[in-house]
Number of protein chains: 2
Amino acid sequence: MLDVTPHAPGKDEPVPSSAQPTRSPSPRYGARPTMKDVAARAGVGLKTVSRVVNGEPGVTADTERRVQDAITALGFRRNDSARILRKGRTASIGLVLEDLADPFYAPLNRAVEEVARAHGALLINGSSAEDPERERELALAFCARRVDGLIVIPAGDDHRYLEPEIAAGIATVFVDRPAGQMDADAVLSDSFGGAREGVAHLAAHGHRRIGFIGDRPRIHTAAERLRGYRAAMADAGLPVDESWVSLGPTTPERVRAETERMLAGPAPVTALFTGNNRVTATAVRVLARVPRRVALVGFDDLELADLLSPAVTVVAQDAARLGRTAAEQLFRRLDGADEPPRRVVLPTRLIARGSGELRPEE
Amino acid sequence: MLDVTPHAPGKDEPVPSSAQPTRSPSPRYGARPTMKDVAARAGVGLKTVSRVVNGEPGVTADTERRVQDAITALGFRRNDSARILRKGRTASIGLVLEDLADPFYAPLNRAVEEVARAHGALLINGSSAEDPERERELALAFCARRVDGLIVIPAGDDHRYLEPEIAAGIATVFVDRPAGQMDADAVLSDSFGGAREGVAHLAAHGHRRIGFIGDRPRIHTAAERLRGYRAAMADAGLPVDESWVSLGPTTPERVRAETERMLAGPAPVTALFTGNNRVTATAVRVLARVPRRVALVGFDDLELADLLSPAVTVVAQDAARLGRTAAEQLFRRLDGADEPPRRVVLPTRLIARGSGELRPEE
DNA sequence: TCCGGATCTGACAACGTTGTCTAGGCTCTA
DNA sequence: TAGAGCCTAGACAACGTTGTCAGATCCGGA
């Protein structure tokens with residue numbers, strides 16, 4: 001491990017001639033130059049290099065140029081780990097989400113990134129895969145890296161493990177679902193109201209037997225949406241047969257089976273309310289193969305939903321706004337806002353496209 | 001800035017009673033306990049705490065318990081910045097992608113994350129938004145954090161700025177597109193072959209005037225796909241009218257306008273090959289409003305593409321495999337593999353669903 | 001009783017950076 | 001010409017951790 005790898009560090013400086021004779025001071029492979037090396041090469045003090053690197057004032061143009069030359073010649077890049085250790089602040093925030101690949105969370109992720117960028121912070125993120133233990137691991141790993149703040153889409157329902165971290169100064173905002181067993185900032189969509197509106201929409205079109213397929217009841221949004229369903233049914237004076245309600249994992253297999261079950265029997269449901277984008281996608285697939293026309297309203301919008309036939313009526317959340325709001329709240333905290341924990345609830349929007357306006361066939 | 005915030009650090013240890021009387025040793029807000037503090041409280045040496053924290057051997061059960069108690073009592077968490085500084089390795093990799101929110105890159109992102117996790121590494125990622133300058137900023141920011149390795153989806157076409165970093169030991173793998181102006185590991189999809197196959201499919205169904213709408217020619221995949229289009233046309237003995245070819249930004253506005261342009265006039269195209277998922281989505285929207293039946297094959301699969309009518313025929317890439325392959329290659333490098341740069345090209349798969357099998361209407 | 005060796009423990013330096021403090025040279029004014 | 005004041009520059013300590021090394025303790029066997 002002491003490979004000699006010259007590799008001329010020719011850089012972008014469009015300086016005229018004097019192509020320095022590549023007398024690389026034998027930078028061992030993997031051993032990066034430090035400010036000390038730069039200082040030695042430029043014939044200046046360590047601190048002067050620091051000043052140049054950070055654009056601090058108090059360096060003459062001539063000295064600065066010497067330092068810059070040494071920097072490019074050596075291929076120096078400041079070691080942010082050391083900087084972070086020294087300064088205490090990391091200029092980075094962590095985002096724990098459920099699944100990086102879930103199309104619903106992607107715009108949220110991106111929105112958080114944009115806000116972070118605007119504040120000069122780097123984003124570190126990771127997927128909990130709906131596993132509380134993994135959520136915890138990730139969040140604590142971020143804390144060990146001393147992120148300045150944390151945005152969490154909860155997978156678990158007990159977040160007291162974060163209390164020491166929060167007490168130690170790591171600002172934390174929960175998004176999409178509230179924190180479990182503790183009081184903290186949270187930015188949510190109106191799951192209850194949205195589901196209620198969606199189900200009411202179906203009831204208004206004459207449906208009396210409406211099915212509900214959602215995520216596991218442990219998940220706050222799933223429970224809230226079910227509550228919205230029940231409220232809408234009650235509002236419409238409709239009884240709920242418990243065989244019309246199904247909560248559980250959102251795997252295609254389960255959703256498919258449950259959908260088919262609800263459509264079978266002597267008194268099948270004539271309409272379906274699906275609790276999130278994954279459920280809706282599977283339900284659409286099942287319904288496409290069923291001769292009967294079954295009405296459908298789904299929570300969360302889908303790409304291309306407008307192009308299906310019938311086009312899918314949805315209760316849309318603004319995922320990007322969710323992320324933006326949470327990130328802004330986080331940076332407000334980082335800037336010292338000292339208000340009590342806030343809970344923001346963003347409205348949902350019913351987008352009628354056709355599938356929710358089908359009338360029951362009897 | 002010396003707020004007193006007691007906040008008992010009660011932890012998860014399910015110890016029987018003795019709810020410690022919350023005598024938090026007044027941890028100043030924002031000032032985290034260090035190993036020194038833990039050592040002082042446990043009455044042991046600094047290094048012993050380090051041993052316990054890292055599970056190193058050579059500590060008696062009794063001493064270990066004392067240290068553990070102090071750790072939970074103080075809410076200590078190891079500062080990874082300091083650890084990284086000391087150890088040199090960060091156990092993290094960086095991923096520069098085009099857009100966190102693009103559904104095509106989401107599975108790639110997730111696959112990289114899973115591989116990183118399997119290797120005990122953390123993933124830091126960010127969106128370049130197709131801006132070469134931003135790609136550079138991000139990649140160098142990751143380097144400053146001393147990631148062990150870097151996976152880049154190139155936005156720019158000159159990556160020599162990474163040479164000093166690579167020389168300094170940061171393993172780098174490019175994915176989806178090759179590096180510009182330098183030789184490096186790359187994992188790609190067979191854009192040329194895929195486009196050729198897709199266009200040949202259209203030609204085989206009797207189309208002679210086939211349009212091509214793709215991304216900006218600066219982007220390697222866009223250029224390759226266009227090359228595939230031309231090859232397929234030549235193979236089929238079909239002339240190409242340059243008005244059937246359009247490369248540029250993939251904004252809905254431009255794609256809409258170009259699609260409409262190609263469908264107008266005396267000799268409109270009867271089939272369309274779209275160069276990526278965003279273009280396809282917009283084209284589908286436009287075609288849905290056109291009375292004439294226009295055949296369509298798109299590069300990249302779309303969620304719900306199978307449910308449209310006609311269902312959309314696509315040339316699918318395996319984005320997850322792209323990510324997995326790249327990440328595995330990266331870790332192979334990190335484990336010391338010293339082969340010359342490798343370029344891996346993954347096959348694409350034509351999925352015929354209907355829209356590509358429409359015959360030309362005349 | 002004493003010694004060799006194994007086991008446990010802690011003092012100390014180092015990682016690369018930044019904040020503080022002081023020295024030296026210069027200019028400007030009285 | 002002396003003194004005050006400014007500007008540039010560098011020495012040094014500190015951030016929190018880990019690797020090295022050496023000291024302390026305890027065991028069994030001679």
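Letters A, B, ... are given to chains in the order of the sequence lines, protein chains preceding strands, and every chain is numbered from 1.
- To the nearest 0.5 Å, the span separating CG on B:Leu85 from CD1 on A:Ile84 amounts to 10.5 Å.
- Under the 30°/60° scheme for interplanar angles, the aromatic rings of A:His159 and A:Phe174 are found to stand perpendicular.
- Put simply, B:Thr48 has a side-chain N or O that comes within less than 4.0 Å of OP1 or OP2 on C:dG10.
- Under 3.5 Å, the side chain of A:Arg51 and the base of C:dG19 form no donor-acceptor pair of N or O atoms.
- Note on residues 50-63 of chain A: pairs passing salt bridge (Lys or Arg N to Asp or Glu O under 4.0 Å), not counting sequence neighbours, are A:Asp62-A:Arg66.
- Between B:Phe142 and B:Leu95 the shortest side-chain heavy-atom distance does not fall below 4.5 Å.
- The end-to-end axis angle of the helix from C:dT1-D:dA30 to C:dA30-D:dT1, rounded to 10 degrees and based on five pairs per end, is 50°.
- No salt bridge links B:Glu328 with B:Arg324; every basic N to acidic carboxylate O contact stays at or beyond 4.0 Å.
- Listed by chain and residue number, B:Glu133, B:Arg134 satisfy the side chain to side chain contact (heavy atoms under 4.5 Å, CB included) test with B:Asp131 (two or more places apart in sequence, or in another chain).
- A donor-acceptor contact closer than 3.5 angstrom is absent between the side chains of B:Gln68 and B:Arg65.
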Test log, rule side-chain hydrogen bond (donor to acceptor under 3.5 Å, both in side chains), inputs B:Glu113 and A:Ser127: CA-CA 8 Å; B:Glu113 182 189 24; A:Ser127 307; 2.7 Å; yes
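- One finds a salt bridge joining A:Glu165 and B:Arg77 here, because a Lys/Arg side-chain nitrogen approaches an Asp/Glu carboxylate oxygen to under 4.0 Å.
- Within the structure, salt bridge (Lys or Arg N to Asp or Glu O under 4.0 Å) contacts touching residues 120-130 of chain B (residues at least two apart or in different chains) are B:Glu130-B:Arg177.
- Within 4.0 Å of A:Val44, counting heavy atoms only, lie sugar-phosphate atoms of the nucleic acid but no base atom.
- For residues 56-65 of chain B, proximity to DNA chain C is found at B:Gly58, B:Val59, B:Thr60, B:Thr63, defined as any non-hydrogen atom under 4.0 angstrom from a strand atom.
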Protein-nucleic acid N or O pairs under 3.5 Å, nucleotides 15-17 of chain C:
residue: C:dT17; atom: OP1; partner: A:Asn79; partner atom: N; Å: 3.1
residue: C:dT17; atom: OP2; partner: A:Met35; partner atom: N; Å: 2.7

